Structure formats: C-alpha cells, structure tokens
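For clarity, every value in this text was computed on a predicted model and none was experimentally measured. Just so it is clear: chains get the letters A, B, ... in the order the sequence lines come, proteins before strands, and each one is counted from 1.
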Amino acid sequence: MREYNFAEAEKKWQEIWGETGVFHAENGSDKPKYYCLVEFPYPSGNGLHVGHPRSYTALDIVARKKRLQGYNVLYPMGWDAFGLPTENFAIKNHIHPELVTKKNVARFKSQLQSIGFSFDWSREVNTTDPGYYKWTQWIFLQLYKKGLAYKKEMPVNWCTSCKCVLANEEVVDGVCERCGSQVIRKVKSQWMLKITEYADRLVDDLDSVDYIERVKTQQRNWIGRSYGAEVDFSTSAGDKLTVYTTRADTLFGVTYMVLSPEHAYIDKWLASGAIGNAGDVAAYRAEAAKKSDFERTELNKDKTGVRLDGVTAINPANGVAVPIFISDYVLTSYGTGAVMGVPAHDSRDWDFAKKFGLDIIEVVSGSDVPVTEKCYTDVADGILVNSDFLNGLNVADAKEKIASWLSEKGLGRRKTNFKLRDWVFSRQRYWGEPIPMVRCEKCGWVPLDESELPLKLPMVDSYEPTDNGESPLAKLTDWVNTTCPCCGGAAQRETDTMPQWAGSSWYFLRYCDPHNSDALASKEALEYWTPVDWYNGGMEHTTLHLLYSRFWHKFLYDIGVVPTSEPYAKRTSHGMILGEDGEKMSKSRGNVVNPDDVVAQYGADTLRLYEMFIGDFEKTAPWSTSSIKGCKRFTERYWALGDMLCDGGVRPEMEGKFHRTIKKVTSDIDSLKANTAIAALMSLLNDIYASGKVTREELKIFTLLLNPFAPHVTEELYEECGFGKGISYDKWPEYDESKCAESTVEIAVQVNGKIKARLDVAADIDEAGALAAAKADGAVAAAIEGKTIVKELYVKGRLVNIVVR
RNA sequence: GCGCCUGUGGUGGAAUUGGCAGACACGCAAGAUUUAGGAUCUUGUGCUCCGGCGUGCAGGUUCGACCCCUGUCAGGCGCACCA
C-alpha cells in the first residue's frame with residue numbers, strides 16, 4: 001500500500017507550478033481569453049480567514065477547468081492594502097503602516113500559496129505601491145478635469161472612533177460600517193465625486209450584465225430612482241413653493257403642505273415676520289437639529305410637527321389654500337425638502353393628518369373602506385374622482401395628463417429623483433492615497449500636473465488621527481507647503497487622503513498589464529482582457545466597491561480609456577462560513593477556524609474539497625470539523641486507486657457512468673455547484689471500488705475531473721502513473737451525449753398516484769410497452785382488479801400512473 | 001411596516017424545475033481486520049403500531065406537489081418616513 005504524504009506532495013507541486021509558470025496568463029495570445037476575478041483581500045493582521053478560500057477555491061476551479069479547455073486564463077491576486085485597521089495597528093504598536101502592510105502581505109501570500117490557488121503571481125498588485133497608486137491619483141485628476149470631482153462644504157457622516165468622514169454607503173444602521181461606532185453629523189469641506197451623474201446608467205446597465213438578482217435589486221434600491229413631477233405651489237407669503245411627488249395624479253387631494261425643518265423658506269419667513277408662532281417653530285427646529293438623521297428616520301414613527309401660523313399654500317390645480325407645517329418626516333436632502341400632503345392616498349400623510357385633524361379628501365376611488373378609516377395607496381385599479389379634468393381616468397393616465405397640464409401651464413415639470421448621493425471622497429487619515437490637489441490663494445484648487453505623479457505619501461513618525469477633523473498630514477508643514485502649479489506662488493497641498501475604496505475601484509484593470517509605467521494598462525491589454533468574465537465577491541460590497549467600481553469604469557469608458565462600459569460581465573456571491581456553533585466567527589466567541597491549521601492537519605486538497613462540498617455556494621454554512629473527514633477519506637480513497645490500477649480503456653460497463661459524470665462535473669462547475677460535482681465524483685469512485693479495479697484510461701479521466709478541486713493529489717498520481725508531462729498540459733475530458741443514456745431504467749408504477757411497483761425496463765420502451773409491463777406486475781394487477789381504468793399516463797423513462805375508479 | 005429569500009432524516013445537504021423524496025457526505029449500528037484503541041473495509045440506517053405516514057403548519061389546484069396557488073408560523077437578508 002502506497003502512502004500519500006500530502007504535506008510533501010503539496011509543497012512539491014506548489015514549487016513546480018511556481019517555477020514552470022504554468023498559470024501565467026499571456027498577453028497577446030491567439031487563444032480565447034477568460035478572466036476570472038475574486039476580490040483581492042485586505043491583508044489584515046489576523047491572517048487569512050476560512051471565508052477567503054471559499055471564494056478563491058470556487059473560481060480557482062473555474063480557472064483550472066477553463067485552462068484545460070484551452071482558454072488563456074487570467075486569474076490574478078493582489079492586495080487592497082490601504083486602510084484603517086493597518087493604520088490603527090501601526091499606531092498602537094508604533095510600527096509604520098508600510099512595514100505592517102509588508103508583513104501582513106507576506107503572511108497572506110504564503111497562506112494563499114499553501115492552498116494551491118492557480119493565481120498568476122507575476123501580476124500581483126498592491127494598492128499602496130506608488131507605481132500603483134500613481135494611476136489611482138491619475139484617475140482622480142481625470143475626474144477633476146471633467147468636473148466630476150469637486151470640493152464642497154456640507155454636512156457629512158463623521159465616525160467618532162475612526163475620526164474620519166464616511167461615505168453614505170459606509171454608514172449602516174446609523175453606525176460605522178467598519179467599526180460599529182456612532183456616526184454624527186459634521187459640517188466639513190470635502191472632496192466629492194459626482195456618482196449621481198451616472199445614476200441613470202448605473203441602473204439601466206444592470207440589464208446588460210449577468211449578476212445574481214439580489215445584487216441587482218440591492219443596487220437599484222440604493223440608487224433609488226423614482227419618476228414623478230415637481231409641482232409649484234404659490235404661498236400667501238409670496239414665494240413659490242416647489243414640491244416633488246410621484247403621485248401628481250392626487251394633486252386635487254392635497255389638504256396641507258409640509259416643509260423639512262431645515263427648509264430655507266423658514267429662515268426667510270421667520271425673518272420677515274410672516275410666521276405668527278415663531279417661538280414654537282424655532283423650538284421645533286432646535287429639537288429636530290439635535291437628533292441625528294438616524295434618529296429622525298429610524299425611531300420617529302410617530303409624526304410630530306408644527307403648523308406655520310399665518311402662511312398658506314395655494315394648490316395650483318384648484319386654487320384652494322391649505323396650511324403649511326414643518327415636520328422632521330420630510331428630509332431636506334431628498335427632492336425639494338418639501339412635500340404636498342395627500343392623506344387619503346399616502347400612509348405617512350394619513351398618519352400626519354389624523355394626528356393634526358386635517359381633512360382627508362378621496363381622489364382615487366376603489367377602496368373597500370372609507371379613506372377616513374384607512375388610506376388607499378393602490379395604483380393599479382383606482383379611478384380618479386373629485387379631480388375635475390382627471391375624473392374617470394386610471395392612475396397611470398392621470399399621472400400623464402396632470403404632468404402635461406402642469407408643464408403647459410408652467411406650474412410644474414416631470415422629474416426623476418434618486419436616493420443616491422454624491423460620493424464623499426476625502427478621509428482624514430494617513431494610510432491612504434494623497435489627493436493630488438493644491439490650494440492656491442490666487443488660483444483656488446489646482447490639480448497637480450500628471451508628470452508629478454505619483455504624489456507619494458510622506459514618511460512620518462506620527463500619523464494619529466486628530467479630534468479636530470484634520471488629516472495627520474496637515475502637521476507636515478514641509479510637505480504641505482508647496483508652490484502653485486498654475487501661478488508658481490505659495491500654495492498648500494490637500495492633506496486629506498482617498499478612501500479605501502479608491503484603489504479597489506480599478507484594480508482589475510491593472511492586472512491586465514501590471515508593470516506598465518506609461519498608462520494604467522495598455523490599450524491592447526484592455527481590449528483583450530476586459531470585461532472580467534466572472535467576478536465573485538461578498539454581498540457586503542454590493543453598494544460599496546461594486547457600485548463605485550462600476551462608476552469609475554463607466555467614467556474611464558467615457559474618456560476612452562477602457563473599451564467596455566461595464567467592468568464585470570458576471571457577478572456571483574459566496575455565502576459566509578460560520579463557526580461550528582452557527583455563529584459568525586469571531587475572536588471573542590472563540591469559534592475562529594484558522595485555515596493554516598486545517599491545511600496542516602488535513603492538507604490543502606481536503607480544505608478545498610470541504611469548502612466546496614459544505615453546501616450551496618451562495619448560502620451561509622457552519623463549519624463542521626467532522627465533515628472534513630469525509631473529504632479527507634475521499635482524497636485517500638482516490639489515491640488508493642493507484643493500487644487497483646490495470647491496463648485498458650474505459651470498461652463497457654463503466655462507460656455510461658463516466659460520460660454522465662463528465663457531463664455533470666463540467667456543467668456543475670459552470671453553474672457554481674461544486675458540491676454536487678464532488679458528490680458525482682464520490683459516487684463514481686464508489687462504483688469503481690465496487691468493481692474492484694480501475695483501468696488506466698478510467699483513472700486518467702477521473703484524475704482530470706478531480707484536478708480543479710484537488711490539484712495536488714491529482715498531479716501526484718498523474719505523475720506516478722506516467723500519464724504525461726503534467727496535468728496543465730493535458731485536456732479536459734469530453735463526453736458523448738449518446739453514451740450518457742442507460743440501456744435500462746427503473747420506472748415507478750403508480751395506481752391513483754400511489755407507488756405500487758418499480759420495474760426495470762428498456763430505456764427506449766414505448767408507452768404501450770410500459771403500460772403492458774406495468775399491468776403484468778402482480779401488485780399493480782391486484783390494485784386495479786375490478787376497477788374501471790379512467791386514465792393511463794406514461795412519463796418517458798420515469799413512471800406509469802394508472803388512474804382507476 | 002414594505003420587499004425578497006429560506007424552512008427537507010440525528011447532522012450538512014441532494015432532487016434533471018410538476019413525475020420513484022432523502023443523491024453524496026457526516027454520525028450511528030453490526031460484522032471483518034487489529035493484542036487493544038485508532039485507521040481501513042463490508043453491510044445497514046427517514047418514521048412506523050408494518051396498514052401506512054412523511055419536505056415548518058393549514059387549505060387548494062392536479063392523475064401526480066419539496067416544486068404551482070391562498071393563508072399562516074419561524075429564521076435570514078435588503079429597504080426603511082425617499083413624498
């Protein structure tokens with residue numbers, strides 16, 4: 001009995017793959033290309049998590065199979081290394097972030113290599129490398145030149161622990177996405193990127209890509225496009241008050257108006273003395289200002305507000321004067337910061353009207369209960385009433401008609417709104433890309449000349465964040481003080497840095513041509529490799545990295561840098577791996593599994609097989625130490641085939657099974673169902689064992705099929721058997737559809753839908769034959785004895801059902 | 001609150017999308033081997049009062065339902081006053 005020493009064999013093959021460069025992708029190849037991508041990791045001090053290999057193994061399987069199928073495959077890896085954890089660790093331990101990063105990258109790399117991924121390491125990138133972030137800065141300058149980067153003073157999200165602003169996308173449930181600390185409002189001058197300019201295309205182009213549906217839905221929700229109209233109301237104070245509504249059809253049902261507490265008109269009206277109850281209004285505004293946005297939207301289900309005495313709004317449709325309120329359920333940041341109240345047909349307005357005793361006027365009929373009891377929001381079946389020229393129309397037609405009427409009369413206009421806000425792009429931290437901008441008294445903000453790039457992050461001893469909201473770089477006067485690229489006068493550098501999401505917004509482009517110093521990548525390389533054919537990553541990046549990188553890519557497409565308007569043709573997402581207790585793995589729970597330990601104890605092949613066999617790739621799955629043993633046994637049983645080897649081709653009795661398995665494994669890999677592919681291989685292995693031997697041809701096919709999942713043990717056995725130069729030089733097995741069919745099948749015989757018998761019949765038996773065979777069966781004959789046959793059904797190769805009465 | 005997803009043996013999970021539920025694996029049991037344990041191999045393993053009953057629960061459609069429809073419960077995710 002031959003022993004398989006997985007530790008030795010795995011090391012050996014990893015070295016061979018490294019030396020021979022068999023996984024290097026070729027630029028300028030005649031072969032068809034295939035670009036597989038996984039999200040490059042943030043090299044944290046904790047090392048690799050068992051969640052990482054789930055994603056990496058899945059696409060490694062795809063990459064390895066595609067290579068065997070003759071594709072020139074690009075499967076690269078790199079490091080998303082700027083970021084707060086490294087910086088915080090550096091501060092705590094007084095080690096420069098650059099050194100921390102170097103150390104963490106080295107550890108991650110050796111961990112990844114120990115699992116045997118077929119990455120093309122010659123294309124490794126690191127976002128903190130000046131040769132890399134030169135191009136991140138370059139893209140920023142292009143955005144600036146096209147007017148898509150601007151600096152603006154505005155209220156922003158401020159993480160009290162990170163001491164840094166956050167993008168809207170980084171605030172989850174009112175707390176910092178990264179550290180969970182409280183987020184407060186702070187007015188600051190920030191660099192912003194106009195992602196809103198691309199809002200329509202970011203929604204529309206989702207139709208052209210193959211993303212899993214929940215990713216598309218989540219992005220659509222986040223962008224939040226809605227079609228509606230702006231309507232201009234006049235007011236008794238003489239001002240034109242514009243509201244945004246998606247239900248302009250209900251204009252005749254308006255019984256009041258609401259402004260957000262921050263609305264500019266309130267300052268104006270308070271100043272002019274138009275508001276009678278100025279004291280109450282000021283008090284309400286002060287109260288609202290104290291609450292965070294989160295409190296206002298999340299906890300404030302109960303409607304509050306104050307009526308503005310002395311000011312009314314005039315409904316442009318019917319000239320009716322209605323009261324105006326302020327209430328914090330109206331957001332200043334969406335639409336016009338003012339809404340019209342139609343309590344009969346909007347649940348929020350209904351709540352508000354009930355609370356303040358306002359009129360409720362039905363303008364869409366169709367409700368079962370009076371609108372004074374419950375608001376009626378159905379838009380599909382309602383018919384307009386009490387609405388003058390809209391009466392009798394359905395909601396959709398009424399929307400059209402009122403919108404046209406408003407524009408004709410100059411009282412309003414069609415309008416599309418988005419929830420998406422511009423991307424807050426500056427961070428008051430050290431460990432990020434410097435923003436290549438200079439502030440000059442005379443010239444204002446001036447971009448650095450491209451020849452000055454990269455603008456290197458200065459080496460400093462102290463990089464602690466400050467409480468006053470200034471970047472640590474602000475203290476470096478030597479670095480900060482510079483000359484204006486425009487007028488040559490004294491000027492200061494921008495001291496904020498870019499967010500972590502900057503470097504990852506385009507890294508997949510760099511892989512195409514990672515050593516290019518004249519461009520982020522050559523035109524030819526981008527033409528050949530992009531778009532990414534298959535990108536797998538976490539759901540947590542759907543409205544962060546994935547959205548940002550689509551935005552940047554579209555911009556780069558617009559300025560002619562990349563040839564496609566979408567970066568990723570296909571996007572899938574892996575489920576999280578939980579601890580054995582079914583809880584999220586965390587140090588504090590003590591349920592963390594370290595992949596190094598698994599590799600040491602069971603080997604990389606077993607880890608890979610287990611992570612793929614654990615269950616549905618897209619679902620979360622708890623870790624199970626005992627289940628790993630099954631995968632370990634499987635690799636050992638496979639290895640032991642070497643002891644059962646005999647000469648010959650595929651035995652006739654095994655032929656169908658082999659063809660079916662090739663078919664199953666091939667299609668399962670393409671549809672990300674490695675779990676059932678492995679099950680099919682296990683099943684085939686069981687059949688081989690049952691037959692007592694394996695022929696050379698059979699073993700070779702099995703080895704090739706198993707190789708993407710368990711690359712080391714398959715290479716070792718392939719070599720031992722002398723099948724060829726190496727699996728990388730071989731070809732993926734093909735199947736013959738005609739040979740997949742079995743000659744006989746077992747069909748079920750039902751009487752009135754209940755199974756009465758199972759029969760072995762020829763696979764090509766016809767209906768008459770199957771029915772005859774069924775009736776000849778004793779149990780079936782007994783069941784239909786003396787009854788009238790009402791119906792007879794035959795489903796080819798599956799079952800017969802005889803319906804009797 | 002709204003939307004989406006999930007619910008299958010002791011466990012992880014399969015099921016060609018309306019056609020034999022429980023593939024594959026873990027675990028367990030018995031046997032073989034072994035001084036013993038471990039490892040390995042073989043066999044068995046949804047429940048059952050042996051009539052049947054079984055895919056969270058209650059109905060419905062159908063010759064036939066894990067799959068479709070209605071209601072309901074539980075868990076997860078997303079959105080969350082976006083007018």
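Remark: P of B/C79 and NZ of A/K216 are 19 Å apart, rounded to the nearest angstrom. In this structure, A/K632 atom NZ and B/U40 atom C1' are separated by 14 Å, rounded to whole Å. In this structure, NZ of A/K374 is placed 13 Å from P of B/G1, rounded to the nearest angstrom. One atom, NZ of A/K584, and another, P of B/G75, lie 20 Å apart when rounded to the nearest Å. Taking atom CD of A/E636 as the reference point, atom P of B/U40 lies 7 Å away to the nearest angstrom. Distance, A/L251 CG to B/A83 C1': 13 Å, rounded to whole Å. Atom pair A/M644:CE and B/C41:P shows a separation of 11 Å (rounding to whole Å applied). Whole-Å rounding puts the A/E737 CD to B/U16 P distance at 17 Å.
At most 12 non-hydrogen atoms from other residues, nucleotides or ligands lie less than 6.0 angstrom from NZ of A/K240. Annotation for A/K355: atom NZ counts as buried by contact number, over 12 foreign heavy atoms lying within 6.0 Å.
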Output a table of nitrogen or oxygen pairs between the protein and nucleotides 52-56 of chain B separated by less than 3.5 Å.
none

Output one line per pair: protein atom, nucleotide atom from nucleotides 20-27 of chain B, and distance, for all N/O pairs under 3.5 Å.
{"from": "B/C20", "atom 1": "O2", "to": "A/R758", "atom 2": "NH1", "distance (Å)": "2.3"}
{"from": "B/C20", "atom 1": "N3", "to": "A/E746", "atom 2": "OE1", "distance (Å)": "3.1"}
{"from": "B/C20", "atom 1": "N4", "to": "A/E746", "atom 2": "O", "distance (Å)": "2.5"}
{"from": "B/A25", "atom 1": "OP1", "to": "A/N686", "atom 2": "ND2", "distance (Å)": "3.1"}
{"from": "B/C26", "atom 1": "OP1", "to": "A/R633", "atom 2": "NH1", "distance (Å)": "2.5"}
{"from": "B/C26", "atom 1": "O2'", "to": "A/S626", "atom 2": "OG", "distance (Å)": "3.0"}

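No side-chain donor from either of A/K584 and A/T620 sits under 3.5 Å from a side-chain acceptor of the other. Inspection of the A/T304 and A/Y284 side chains reveals an N or O donor paired with an N or O acceptor under 3.5 Å.
Look at the P atom in both B/A23 and B/G18: the space between them is 22 Å, to the nearest Å. Taking atom P on both nucleotides, B/U17 is separated from B/U8 by 23 Å, rounded to a whole Å. The C1' atoms of B/A21 and B/A14 are separated by 10 Å, rounded to the nearest whole Å. To the nearest whole angstrom, the two C1' atoms, one in B/C50 and one in B/C57, are 27 Å apart. The P atoms of B/C68 and B/G7 are separated by 11 Å, rounded to the nearest whole Å. Taking the P atom of each, B/G10 and B/G78 are spaced 32 Å apart, rounded to whole Å. The separation of B/G75 from B/C81, taken at their C1' atoms, amounts to 27 Å, rounded to a whole angstrom. The gap from the C1' atom of B/G52 to that of B/G56 amounts to 22 Å, rounded to the nearest Å.
With ring centers used as reference points, A/F352 lies under 6.0 Å from A/F325. The six-membered or imidazole ring of A/W623 lies near that of A/Y610, with a centre-to-centre distance under 6.0 Å.
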- [ ] For A/R413 and A/E230, run salt bridge (charged side-chain N to carboxylate O under 4.0 Å, His left out): C-alpha distance rounded to whole Å, both residues' side-chain angles, the deciding distance at 0.1 Å, then the answer.
- [x] CA-CA 5 Å; A/R413 59 217 67 85; A/E230 285 184 348; 2.9 Å; yes
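Glycosidic conformation, B/U55: anti, with the torsion outside 90° of 0. Glycosidic conformation, B/G64: anti, with the torsion outside 90° of 0. B/G9: glycosidic angle within 90° of 0, hence syn.
Residues forming a side-chain contact (heavy atoms from CB on, under 4.5 Å) with A/K739 (at least two apart in sequence, or on another chain): A/E655, A/H659, A/D736. Residues satisfying the salt bridge (charged side-chain N to carboxylate O under 4.0 Å, His left out) criterion with A/E170, sequence neighbours excluded, are A/R427.
Taking the centre and axis of the six-membered ring of A/Y689, the NZ or CZ atom of A/R637 falls inside the cone set by 45° and 6.0 Å.
The main-chain N or O of A/V363 is found under 3.5 Å from a side-chain atom of A/H345 such that the two form a donor-acceptor pair.
Contacts classified as salt bridge (charged side-chain N to carboxylate O under 4.0 Å, His left out) and involving residues 658-671 of chain A (residues at least two apart or in different chains) are given here: A/K65-A/D670, A/R660-A/E742, A/K663-A/E737, A/K664-A/D668.
Counting any heavy atom pair closer than 4.0 Å across all strands shown, A/D616 reaches sugar-phosphate atoms only and no base atom. The residue A/V803 sits close only to the backbone: its heavy atoms come under 4.0 Å of sugar-phosphate atoms, none of a base. Across all strands, A/K664 comes closer than 4.0 Å to no nucleic acid atom at all (heavy-atom distances). Across all strands shown, A/S226 has heavy atoms under 4.0 Å from sugar-phosphate atoms exclusively, and none from any base.
Residue-to-nucleotide proximity on RNA chain B shows that, of A/N221 and A/Y334, the 5′-proximal contact is made by A/N221. Comparing A/K419 and A/T543 along RNA chain B, the residue whose closest nucleotide (by nearest heavy atom) sits nearer the 5' end is A/T543.
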Task: Which nucleotides of RNA chain B pair, in dot-bracket form (Watson-Crick or G-U under 3.5 Å, | meaning another strand) - done: (((((((..(((......[....)))((((((.......))))))((....))..(((((..]....))))))))))))....
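When distances are taken from the side chain of A/P622 to each of B/G12, B/A15, B/A83, the shortest belongs to B/G12. Comparing atom distances between the A/N801 side chain and each of B/C81, B/C63, B/A15 picks out B/C63 as nearest.
Using a cutoff of 4.0 Å between basic side-chain nitrogens and carboxylate oxygens, A/D207 and A/R220 are scored as salt-bridged.
Side-chain atoms of A/L641 and A/M644, non-hydrogen and from C-beta on, do get closer than 4.5 Å to each other.
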